[in-house]
Every structure is written in C-alpha cells, then in structure tokens.
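Because only heavy atoms are used, hydrogens play no part in the values below, and waters and symmetry mates are left out as well, while side chains stay in. These figures come from a predicted structure and were not determined experimentally.
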Amino acid sequence: MQSSNGLPRGDADGAESPAEPPTGHDQVADETSGSVRYDDPWYDALASGWGESHTAGAPAAVPASRQGATRAAAAADVYLEVQRSAAFQEVRSRYRRFVVPGVAGFLAWYLAYVVTATTAPGLMARPVAGAVNVAMLAGLGQFLSTFLLTWAYTRHARLRRDRAALELRWDTQELTRGARGGAL
C-alpha cells in the first residue's frame with residue numbers, strides 16, 4: 001500500500017507498517033507502550049497511521065497519569081501566561097488598530113453604495129461616459145476597494161505583525177516544551 005506522499009508503506013509480504021512522521025515534528029517514545037506520541041503544540045492532528053504502535057499495529061494509547069495531567073496543566077498555564085504578556089497584547093492591538101477602521105470604512109462605503117442605489121436611482125443612472133453610468137463606476141469601485149483593502153491588510157500583517165507573531169510562537173513553543181519536562 002502507498003502513503004499519501006506516494007512512497008510505499010509496508011514490508012515485502014504486503015503487511016502495512018506505520019507511516020513515518022514528517023520531518024521537523026518532535027516525537028517522544030512512550031516507555032510503557034512502546035509507541036510514539038507527538039508533543040509539538042502546533043501539530044494539530046495525527047494523520048492516518050502516525051502514532052501507531054510498532055508492535056501491535058493499533059493506535060497508540062497514551063496512559064493517563066497524574067504526571068501527564070500535571071504537564072498538560074503546566075502547558076495550559078504557559079498559554080495563559082503568553083496571552084497576558086505584553087508581546088501578545090502588542091500583536092493583538094496592532095491587528096485591531098488596522099482591522100477595526102478597515103472594516104468600519106469598508107462597511108460604510110458598501111452601505112453608502114446600497115443606500116444610494118435604492119434611494120437615488122436618478123443619481124445612479126446619470127451617464128458618465130457613453131453607456132457607463134455612476135452606478136457602474138460605484139460597483140467597480142466596490143471591487144477595487146476590496147482588492148485594495150486585501151493588499152493593505154497583507155502588507156500591514158507582513159510589515160507590522162508577522163515577525164512579532166512568529167517570535168511569540170517560537171517562544172511559546174519553547175516554554176511549552178519546558179513545562180512538559182523538556183520533551184523533544
């Protein structure tokens with residue numbers, strides 16, 4: 001059988017073996033069940049076959065223990081601490097300072113277009129050049145303003161938030177690893 005990346009899985013007699021995890025993701029061997037679990041907080045879900053026990057072929061069961069629950073609580077505390085940090089608040093405030101005025105301006109422009117089209121049809125029907133009238137120009141202006149707002153948002157994110165958010169992400173990941181007992 002083949003995995004999603006086109007490489008064969010299994011041994012010569014056709015028995016399927018667990019898929020290899022992608023490179024770059026941290027894994028920790030669980031001594032009690034001989035399985036592998038993933039401790040990367042940014043790794044959302046296990047794909048089919050990942051994390052299976054090498055001996056039984058069944059999904060790996062992470063034993064529930066007091067130590068594991070304590071580590072999970074410590075990791076949750078790390079995220080709460082980061083959320084309260086000045087760096088996180090700065091990233092969020094930069095986001096809000098752009099998005100709130102941008103959304104308000106765009107909605108005002110859209111509502112002005114709709115209200116004018118319904119309440120002043122004579123104004124919207126006024127010809128500008130040939131068959132082109134005010135309504136057509138305003139409608140095209142809606143498309144143009146959408147593209148301009150998208151460009152401005154991506155530029156703002158790239159220049160003012162992405163680097164700080166990435167640094168915050170890596171710092172959070174390091175703190176979470178430390179809270180889980182230094183597991184790599």
Side-chain angles (χ1 to χ4, degrees), residues 1-9 16 18-27 38-51 59 72 75-177 179:
M1 176 171 256
Q2 289 195 349
S3 65
S4 62
N5 64 4
L7 299 174
R9 298 194 306 184
E16 192 174 318
E20 292 297 319
T23 56
H25 291 287
D26 299 329
Q27 51 181 325
Y38 298 92
D39 282 339
D40 187 352
W42 303 105
Y43 191 65
D44 292 334
L46 294 176
S48 175
W50 294 352
D77 289 341
V78 166
Y79 286 104
L80 289 173
E81 177 184 334
V82 168
Q83 186 179 8
R84 293 180 189 114
S85 71
F88 182 84
Q89 296 303 321
E90 179 63 24
V91 169
R92 294 300 297 167
S93 69
R94 287 180 184 177
Y95 172 78
R96 285 188 203 107
R97 281 194 305 253
F98 181 85
V99 169
V100 170
V103 167
F106 186 78
L107 284 176
W109 160 233
Y110 175 73
L111 289 174
Y113 171 70
V114 171
V115 168
T116 305
T118 56
T119 60
L123 172 67
M124 297 300 267
R126 182 173 293 155
V128 175
V132 178
N133 60 19
V134 174
M136 287 181 174
L137 290 179
L140 290 173
Q142 289 289 314
F143 285 105
L144 180 62
S145 65
T146 300
F147 291 120
L148 286 174
L149 186 60
T150 302
W151 171 80
Y153 177 81
T154 57
R155 184 175 184 275
H156 181 270
R158 185 181 69 245
L159 295 176
R160 300 220 164 79
R161 291 192 326 264
D162 286 351
R163 180 170 291 138
L166 185 61
E167 289 173 5
L168 188 61
R169 175 181 174 177
W170 289 117
D171 293 344
T172 303
Q173 191 171 11
E174 290 299 317
L175 289 171
T176 303
R177 284 187 181 147

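Across all their heavy atoms, G102 and L149 have their closest contact at O-CD2, 4.1 Å. Scanning both residues, F88 and Q83, for their nearest heavy atoms gives CD2-O, 3.2 Å. P127 and G130 make their closest contact through CB-O, 4.0 Å (heavy atoms, listed as atom of the first residue, atom of the second, distance). Residues A87 and L168 approach most closely at CB-CD1, 4.1 Å, considering heavy atoms. Between N133 and A125 the shortest heavy-atom distance is CB-O, 3.8 Å.
Interatomic distance, L159 CG to R94 CZ, rounded to the nearest 0.5 Å: 10.5 Å. Taking CZ of R155 as the reference point, atom CZ of R160 lies at 7.0 Å (rounded to 0.5 Å). Separating the CG atom in L80 from the OG atom in S85 is a distance of 11.5 Å, to the nearest 0.5 Å. Distance check, rounded to the nearest 0.5 Å: OG1 of T116 to CG of L111 gives 10.0 Å. For the atom pair W109 CH2 and T146 OG1, the distance stands at 10.0 Å (nearest 0.5 Å).
Using a 4.5 Å heavy-atom cutoff, the side chains of D171 and V82 are not in contact. Contact of the M124 side chain with the Y113 side chain is registered, since non-hydrogen atoms from C-beta on lie closer than 4.5 Å. Contact of the R163 side chain with the L166 side chain is not registered, since no non-hydrogen atoms from C-beta on lie closer than 4.5 Å.
Annotation: side chain to side chain contact (heavy atoms under 4.5 Å, CB included) contacts of A157 (sequence neighbours excluded): R161, D162. Looking at residues two or more places apart in sequence or on another chain, you find no ring pair (Phe, Tyr, Trp, His ring centres under 6.0 Å) involving F106.
Ring orientation note: the planes of Y95 and Y153 are nearly perpendicular, at an angle over 60° on the 30°/60° scale.
Around the CZ atom of R97, the shell of radius 6.0 Å holds more than 12 heavy atoms that belong to other residues, nucleotides or ligands.
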